[in-house]
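Each remark here refers to the structure printed beneath this line.
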There are 2 protein chains.
Amino acid sequence: MTGQVRTVDGRVAGRRGQATRQKLLDCLSEMLSSSPYRDVKVIDVARKAGTSPATFYQYFPDVEGAVLEIAEQMATEGAALTELLEGRSWAGKAGWQTAQELVDGFLEFWRRNDAILRVVDLGAAEGDKRFYKLRMKILNSVNNSLADAVAGLQAKGRVDKDVNPAAVAGSLVAMLAAVASHQKGFSSWGVKQAELKPNLAMLVHLGVTGRKPTK
Amino acid sequence: MTGQVRTVDGRVAGRRGQATRQKLLDCLSEMLSSSPYRDVKVIDVARKAGTSPATFYQYFPDVEGAVLEIAEQMATEGAALTELLEGRSWAGKAGWQTAQELVDGFLEFWRRNDAILRVVDLGAAEGDKRFYKLRMKILNSVNNSLADAVAGLQAKGRVDKDVNPAAVAGSLVAMLAAVASHQKGFSSWGVKQAELKPNLAMLVHLGVTGRKPTK
DNA sequence: TCGGTAAGCTGACGTCATGACAGGACAAGT
DNA sequence: ACTTGTCCTGTCATGACGTCAGCTTACCGA
């Protein structure tokens with residue numbers, strides 16, 4: 001499954017090469033956190049990694065290509081988000097617990113990877129299929145679980161027939177992602193982190209079950 | 001209030017100058033719609049506007065500066081979003097109507113300005129105060145109206161005490177913005193535009209009132 | 001131990017964008 | 001026609017981009 005790592009000109013990368021490659025990725029990651037995407041230059045990344053621009057181009061076609069690589073790594077990590085919802089109940093107090101833990105885990109994941117997720121989001125919004133699919137890959141686990149939950153409740157008649165589970169799940173996930181991206185925004189809007197979370201959890205619970213949580 | 005339009009080196013711009021300036025802004029706007037933000041170059045904008053890069057730099061310090069200008073224009077337009085909520089009721093059928101019209105108007109506004117809003121969002125997420133304030137300016141009208149609505153219902157005891165109106169309003173607005181940015185995403189997730197809207201409206205209604213809408 | 005081969009890196013180069021300036025073109029008033 | 005101030009562009013130094021040939025290093029079989 002894991003194809004060999006290759007340079008742009010087709011050579012297979014050995015131990016040393018892979019180390020250099022990874023170092024470049026790490027440095028790029030750092031740069032993305034500290035300066036605007038538009039201002040990230042190959043030459044700076046290379047300098048930071050203690051190598052030359054030519055080396056960068058040996059491993060990646062361009063900055064975008066390297067970003068995709070980082071995002072891909074993160075996406076596989078992101079599969080861990082599934083566990084936030086795997087086998088959880090949405091009924092009664094357990095439901096409130098589920099919602100809270102989902103919000104907590106999701107925000108934490110986003111905070112940890114905010115720089116790269118910003119870029120993925122931008123790429124997806126710009127219509128780039130590669131970023132777009134990547135974003136789906138990251139969010140799919142949560143999205144599907146949520147959609148299943150809604151569909152399940154719907155089958156039991158506890159949620160209206162005319163609700164579209166996929167639409168609701170997608171909207172809730174989009175909300176979580178957007179709030180996570182602009183966490184700082186809220187704090188200067190007079191809403192503290194600690195206050196934000198339970199309110200988000202309530203919205204998620206409301207969206208999934210159609211009812212206020214029992215706490 | 002509207003200070004005279006000035007060039008970078010301090011001269012006041014005359015009629016012809018303002019026309020050129022505006023043409024540059026329009027062309028930049030177009031470029032943002034058709035190519036990734038990272039690849040938008042001053043030289044391309046200038047060429048498209050039938051002028052030279054030097055002219056661009058006479059009116060704007062850089063691409064970012066010009067983007068801020070466009071966004072500022074859009075922000076004043078965006079004040080019209082207030083009307084979507086001005087004096088509306090959230091009770092009974094009227095509440096459902098309100099939610100629907102809010103979603104409709106918001107999505108339409110975002111669709112019309114998606115290119116520039118993408119960039120504003122990115123800038124804000126990257127922590128740039130200027131973009132950040134601009135984003136607030138655009139969303140404030142809707143956000144405040146929503147927060148007021150929630151606070152009002154709360155005062156009447158129809159919404160729980162421990163709900164934070166600002167947090168809920170902010171989250172809902174973030175959701176609307178995020179969904180609008182990734183509208184295409186939903187369609188390839190098997191959710192059509194027409195289906196999306198009522199589900200979004202339901203979520204908004206749920207979030208504001210804590211109850212399912214009566215249709 | 002030695003030489004062959006492929007991996008790994010970089011100096012150097014042509015190309016292009018950036019941003020600054022000085023000076024020419026142009027419109028408006030006299 | 002002449003002056004004045006606005007407006008635009010040719011030109012230039014600087015620096016990033018992306019490519020290539022060629023040098024160095026590591027590995028491996030004989």
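A note on names: the letters A, B, ... follow the listed sequences, proteins ahead of strands, and every chain is numbered from 1.
The distance between atom CE of B:M31 and atom P of C:dA17, rounded to the nearest whole Å, is 12 Å. Rounded to whole angstrom, the span from the CZ atom of B:F60 across to the C1' atom of C:dT18 amounts to 17 Å. Distance CG (A:D62) to P (C:dC16): 18 Å, rounded to an integer number of Å. Put simply, CG on B:L24 is 12 Å from C1' on D:dC7, counting in whole angstrom units.
Between the A:Q18 side chain and the A:V5 main chain, no donor and acceptor come within less than 3.5 Å of each other. In this structure, B:N199 contributes its side chain and A:N164 its backbone to a donor-acceptor pair below 3.5 Å. A donor-acceptor contact shorter than 3.5 Å is absent between the side chain of A:R130 and the backbone of A:L68.
Interface residues of residues 38-56 of chain A facing DNA chain C, ordered by number: A:T51, A:S52, A:A54, A:T55; criterion, heavy-atom separation under 4.0 Å.
For B:A201, the side chain to side chain contact (heavy atoms under 4.5 Å, CB included) criterion is met by B:W96, B:A99, B:Q100, B:V103, not counting sequence neighbours.
When the side-chain nitrogen and oxygen atoms of A:Y57 are compared with OP1 and OP2 of D:dT19, none of them lie within a distance under 4.0 Å.
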Classify every nucleotide of nucleotides 22-30 of chain C by which part a protein heavy atom approaches to under 4.0 Å, writing B for the base, S for the sugar-phosphate alone and - for neither, in 5'-to-3' order. ---------
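Under a 4.0 Å N-O distance rule, the pair A:D121/A:R118 does not qualify as a salt bridge. A:E64 has no carboxylate O lying under 4.0 Å from a charged side-chain N of B:R38, or vice versa, which leaves the two without a salt bridge. A salt bridge between B:R47 and B:D44 is present, with a side-chain N of the basic residue lying under 4.0 Å from a carboxylate O of the acidic one.
In this structure the side chain of B:L85 reaches within 4.5 angstrom of the side chain of B:T98, judged on heavy atoms.
Among the heavy atoms of the strands lying under 4.0 Å from A:Y59 are primed sugar atoms or P, OP1, OP2 only; no base atom is included.
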